[in-house]
Amino acid sequence: HQVLRVLPQNDEELQKVQELQELEHLQLDFWLAPRGLGLPVDIRVPFPSLQAVKAHLEAAGVSYSIMIEDVQALLDEERMEMLRSSRQLPLNTNTFNYEAYHTIDEIYNFMDMLVAENPNLVSKLEIGRSTENRPLYVLKFSTGGTKRPAVWIDTGIHSREWVTQASGVWFAKKIVEDHANNEGVASILETMDIFLEIVTNPDGFAYTQSTNRLWRKTRSKYSGNLCVGVDPNRNWDAGFGEAGASSSSCSETYHGPYANSEPEVKSIVDFVQSHGNIKAFVSIHSYSQLLLYPYGYTYTAVPDQQELHEVSAKAVAALSSLYGTQYKYGSIITTIYRASGGTIDWTYNQGIKYSFTFELRDTGRYGFLLPASQIVPTAEETWLALKVIMEHARDNMY
Amino acid sequence: AMELPPSHFPAARAAAVAMGYLRYLRGGPGRGLQLRELRSARRQDIDDVGHKYYLELELEDVLDKDRTVNCTAEVLYPLGSQSSAPDVQLTVQGELRSTEEADKEFYTRIRSLEKELVAENIPDSHGNIPPELEPIHLLAWAASGYVIWQNSTENTKFHLAQVKHVKQVKRSDEDLQFDYVVLLHEMVSQEVLPWQVTLLWHPQRGARVSQCQGPAPGD
């Protein structure tokens with residue numbers, strides 16, 4: 001195969017290049033997608049498609065250069081590994097491999113097994129459908145009552161942050177185990193429910209497995225937009241569209257045409273509002289090793305700043321106690337960057353005082369591509385921090 | 001100069017620039033320097049010049065995590081211009097672990113390859129790096145350290161996301177040459193952008209970037 005670099009100089013040329021994206025049978029891999037005039041487009045072209053692609057470009061007078069010459073195709077190690085691990089289908093959640101990354105189907109299968117094994121504790125709710133019509137599932141852990149005060153945890157809202165979905169799977173199993181052994185969160189479950197959305201952005205997740213491992217956004221398409229996808233963590237109705245998000249569809253922080261345009265976001269908004277009794281909301285990301293509280297869209301401190309700062313300190317200390325992993329904490333805007341339309345800014349403004357975001361391991365050595373061997377240690381330490389937050393919510397009911 | 005909280009982003013971004021520069025200067029196939037902790041930071045605004053950060057860093061080598069080394073760094077972001085690289089001065093206190101053996105071994109191994117080394121996707125989607133490619137990954141860290149140092153501003157924070165492609169190019173002189181396509185993740189914009197970097201390396205002479213091409217025209 002070869003890697004070609006194309007520099008579209010006018011709209012006709014840009015369109016020709018975009019046309020290539022639609023031709024799925026060519027199996028093209030866009031290392032740098034079309035973003036606009038004068039901006040390079042890098043395309044990895046498998047050998048059988050070379051002639052067709054070059055002909056397509058040459059016929060339209062689009063010039064290109066060969067960035068990488070013919071290179072022997074290498075074994076796709078990761079696809080092989082996915083095949084290997086999926087061949088041994090786990091029969092129950094005890095034989096499920098928590099130390100590996102899984103496909104959507106494997107995770108959805110895991111959820112069904114968990115419910116089947118624990119019907120009195122766990123149920124699966126469908127809170128909506130994604131742009132590509134994938135179900136949005138939330139696991140509910142409850143020992144009874146009617147609309148008890150609840151904790152919400154979501155993972156995988158940014159699809160490339162794979163350690164988060166993997167940790168979500170581990171959390172689900174951990175909740176069930178604690179309950180069975182009457183330890184850990186069993187006491188929390190006496191008075192509170194836990195909601196866990198593991199694959200919060202399934203379209204993006206599927207795309208990271210089929211096409212682009214580093215895809216972040218949803219996969220929505222809006223007419224008139226050059227590029228696909230909206231950043232689901234800029235699409236909430238809190239400072240929507242203000243500084244800290246992009247209005248360009250090609251940007252990784254594109255806020256979308258309007259707040260809650262993304263079904264992945266709207267479904268959670270609807271759920272939270274109709275439930276009405278969520279007391280703690282935690283949205284999990286990677287990487288950077290940070291525990292963050294609102295706001296991201298404004299420098300104004302939240303009224304509960306001091307309490308949230310103290311809870312964060314305690315949660316981070318608990319996390320570090322296990323493997324020595326160092327975390328920093330603070331408000332979003334002072335600790336990482338200004339970000340508008342973010343999840344926990346909205347949930348906080350809805351009155352959910354204990355609104356937190358985690359950025360899990362690591363600090364950049366592997367980044368999004370965290371080795372699978374670190375999934376369980378990451379989940380274990382993060383769980384200790386989550387328990388601090390949940391216990392604090394339970395003991396400080398409002 | 002005013003004291004900066006190490007947990008706030010301005011200090012963290014300046015530290016990332018210092019680390020990029022340090023990896024370029026002292027990185028190699030047997031050494032990967034990482035920030036263990038940012039101990040303190042100060043900032044000074046110099047009229048007509050720029051913003052200068054004074055940092056105290058605690059470093060570790062990813063291949064030798066049991067020990068740490070202290071480092072002081074000064075990072076000066078020049079005023080206004082987006083085309084001028086930050087100026088970095090750093091002092092490493094004490095000795096870094098010697099990599100002479102590992103460097104020699106790597107050099108000999110690569111020089112004696114019949115076919116030029118080619119590899120893709122390091123790490124792969126699952127975070128795996130085959131052991132024989134770990135030195136290639138560390139050299140990519142050195143190469144991207146150069147790019148990060150040259151292209152950082154107070155509004156960016158870069159990390160190496162993945163080595164998309166690497167190809168060894170045999171040379172008639174004694175240097176090893178690796179043509180990399182590295183994907184850099186920029187934290188503020190969240191963009192992942194490819195950079196082509198040609199890195200030369202020699203056990204005694206260390207790493208040098210001979211060519212560098214980014215995604216924007218004129219990079």
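The structure displayed is predicted, hence computed values, not measured ones. Every chain is numbered from 1 and lettered A, B, ... according to where its sequence line falls, protein lines coming before strand lines.
- Residue with the most contacts toward chain A among B/Leu160, B/Leu35, B/Val62: B/Val62 (heavy-atom pairs, distance under 4.5 Å).
- If you measure heavy-atom distances from A/Ile333 to chain B, the contacts under 4.5 Å come from the backbone alone.
- Using a 4.0 Å cut-off between charged nitrogen and carboxylate oxygen, A/Lys328 and B/Glu37 do not count as a salt-bridge pair.
- Residue-environment remark: CD (B/Glu154) exceeds the threshold of 12 foreign heavy atoms within 6.0 Å.
- Taking CG from B/Leu183 and CG from A/Leu32, the interatomic distance works out to 9.5 Å, rounded to the nearest 0.5 Å.
- Nearest heavy-atom pair across B/Ser189 and A/Thr253 is O-CG2, 3.7 Å.
- For the pair B/Val181 and A/Ile68, the minimum side-chain heavy-atom distance is below 4.5 Å.
- Inter-residue side-chain proximity for A/Tyr329 and B/Ser7 is flagged as unmet; no heavy-atom pair is nearer than 4.5 Å.
- Taken to the nearest 0.5 Å, the CD atom of B/Gln162 stands 5.0 Å off from the CG atom of A/Leu369.
- Within the 4.5 Å cutoff, the side chain of B/Phe9 has no heavy atoms near those of the A/Arg338 side chain.
- Applying the 6.0 Å contact sphere to CD of B/Gln44 captures more than 12 heavy atoms from other residues, nucleotides or ligands.
- Two residues are said to be in side-chain contact when any heavy atoms from C-beta on lie closer than 4.5 Å; A/Tyr337 and B/Lys157 fail this criterion.
- In this structure, chain B has a heavy atom under 4.5 Å from the side chain of A/Arg216, while its backbone stays farther away.
- Defined by atom type and a distance below 3.5 Å, a donor-acceptor pair is present between the side-chain atoms of A/Arg160 and B/Gln190.
- Of all heavy-atom pairs between B/His159 and A/Thr363, the closest is CE1-O, 3.3 Å.
- Ranked by heavy-atom pairs under 4.5 Å with chain B, the list A/Ile336, A/Leu214, A/Leu370 is led by A/Ile336.
- At a threshold of 4.5 Å between non-hydrogen side-chain atoms, the residues A/Asp42 and B/Pro194 count as touching.
- Taking 4.5 Å as the limit, some side-chain heavy atom of A/Trp162 sits within range of a side-chain heavy atom of B/Ser125.
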For a side-chain contact (heavy atoms from CB on, under 4.5 Å) check, start with the C-alpha distance between B/Gln196 and A/Arg5, then their side-chain angles and the critical distance, and finish with the verdict.
CA-CA 12 Å; B/Gln196 296 172 68; A/Arg5 170 161 282 192; 3.8 Å; yes
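- Taking the side chain as every heavy atom from C-beta outward, A/Met67 and B/His165 never approach each other to under 4.5 Å.
- Other residues, nucleotides and ligands contribute more than 12 heavy atoms inside 6.0 Å of the CD atom of B/Glu132.
- With a 6.0 Å radius and a threshold of 12 heavy atoms from other residues, nucleotides or ligands, B/Gln93 has its CD atom above the threshold.
- Residues A/Tyr366 and B/His126 keep their aromatic ring centres 6.0 Å or farther apart.
- For chain B, the nearby part of A/Ser288 is the side chain; its heavy atoms alone come within less than 4.5 Å.
- Of the residues considered (A/Arg365, A/Arg213, A/Gln326), A/Arg365 shows the highest number of contacts with chain B, using heavy-atom pairs under 4.5 Å.
- If you take NZ on B/Lys164 and CH2 on A/Trp31, they are separated by 6.0 Å, rounding to the nearest 0.5 Å.
- Salt-bridge check for A/Lys217 with B/Glu191: failed, with every basic side-chain N at 4.0 Å or more from each acidic carboxylate O.
- Across A/Pro40 and B/Pro215, no two heavy atoms sit closer than the pair CG-O, 2.5 Å.
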